[in-house]
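Because only heavy atoms are used, hydrogens play no part in the values below, and waters and symmetry mates are left out as well, while side chains stay in. The model shown is predicted, which means the values in this text are computed figures rather than measured ones. Quick note on labels: first sequence line is chain A, next is B, and so on, each numbered from 1.
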Amino acid sequence: KQEVTQIPAALSVPEGENLVLNCSFTDSAIYNLQWFRQDPGKGLTSLLLIQSSQREQTSGRLNASLDKSSGRSTLYIAASQPGDSATYLCAFISGTYKYIFGTGTRLKVLA
Amino acid sequence: NAGVTQTPKFRILKIGQSMTLQCTQDMNHNYMYWYRQDPGMGLKLIYYSVGAGITDKGEVPNGYNVSRSTTEDFPLRLELAAPSQTSVYFCASTRTGSYEQYFGPGTRLTVT
């Protein structure tokens with residue numbers, strides 16, 4: 001059974017730091033992986049989607065990488081800002097369009 | 001496009017009552033999903049649908065039912081509500097070939 005783990009569970013950093021959030025999965029036959037942001041009391045917003053044939057995706061200050069051999073994905077946030085404070089979730093996506101979510105990393109960026 | 005919309009936003013039910021959570025998407029997506037999110041936990045899949053008329057169980061389907069009569073709508077029915085169904089419910093959709101999933105704003109349900 002595919003399991004998705006996110007470390008750390010919570011993170012508090014001063015503004016301006018570069019951050020690395022980790023997502024690991026047990027089944028290396030990954031098809032795709034998606035990173036989301038969730039603000040308190042809100043739904044999930046898609047940040048980046050990495051397809052199986054890709055190694056990374058970038059959007060603005062965000063960069064996500066996928067290493068299938070080690071069963072890991074990393075979300076890199078450059079020059080963090082207070083507005084980046086949210087919970088970040090990763091989801092493993094199978095070839096049959098099923099999504100398995102990690103429990104998330106709660107990020108707080110201090111001004 | 002409105003994307004994925006859900007109603008109601010909040011609801012309080014008494015034990016044993018029933019209700020339907022509504023979900024509509026206007027992106028012509030084939031795949032639609034219902035998840036529940038409990039505090040401090042990830043999302044658990046309740047039911048999903050690969051197209052109109054086709055539904056299948058997810059990880060936690062007990063106590064719920066779904067139907068998919070149109071591409072746009074995917075309602076979730078709770079029969080005989082129980083306190084264990086207190087949660088936040090999210091509807092999501094995906095287009096075939098894209099894999100990018102889009103979420104609704106959620107319904108916060110309390111069963112007392």
- Message: If hydrophobic clusters are built from ILVMFWY residues whose side chains come within less than 4.5 Å, do B:Y47 and B:M32 share one?
- Response: yes
- Message: Quick check on the interface: out of B:V88, B:T96, B:L45, who has the most heavy-atom pairs with chain A under 4.5 Å?
- Response: B:T96
- Linked, directly or transitively: A:V20 and A:V13 (ILVMFWY side chains, under 4.5 Å): no
- Message: Would a single hydrophobic cluster contain both B:V4 and B:L21, if residues Ile, Leu, Val, Met, Phe, Trp and Tyr are joined by side-chain heavy-atom contacts under 4.5 Å?
- Response: no
- Item | Residue B:Y102 versus chain A: region with a heavy atom under 4.5 Å | neither
- Query: With only heavy atoms counted, which part of B:Q101 is less than 4.5 Å from chain A, the side chain, the backbone, both or neither?
  - Reply: both
- Pairs of heavy atoms under 4.5 Å with chain B: top-ranked of A:G41, A:S46, A:A9, A:G102: A:S46
- Query: So does A:L110 have more than 12 non-hydrogen atoms from other groups sitting under 6.0 Å from CG?
  - Reply: yes
- Which answer fits A:L89, side chain, backbone, both or neither, if we ask what part of it has an atom under 4.5 Å from a heavy atom of chain B? side chain
- Query: Are B:M27 and A:F36 co-members of a hydrophobic cluster defined by side-chain heavy atoms under 4.5 Å apart?
  - Reply: no
- Query: Out of curiosity, A:Q34 CD to B:Y99 OH, how far, rounded to the nearest 0.5 Å?
  - Reply: 12.5 Å
- Task: Following the transitive rule for hydrophobic clusters with a side-chain heavy-atom cut-off under 4.5 Å over Ile, Leu, Val, Met, Phe, Trp and Tyr, establish whether A:L44 and B:L76 coincide in one cluster.
- Result: no
- Item | Per-residue contact mode, B:F90 against chain A (heavy atom under 4.5 angstrom) | side chain
- Message: Within the structure provided, determine whether B:T94 and A:Y99 are in side-chain contact (heavy-atom separation under 4.5 Å).
- Response: yes
- Using 30° and 60° as the class limits, which term best fits the ring planes of B:Y31 and A:Y97: parallel, tilted or perpendicular? parallel
- Query: Considering only heavy atoms, which portion of A:Q6 lies under 4.5 Å from any heavy atom of chain B: side chain, backbone, both, or neither?
  - Reply: neither
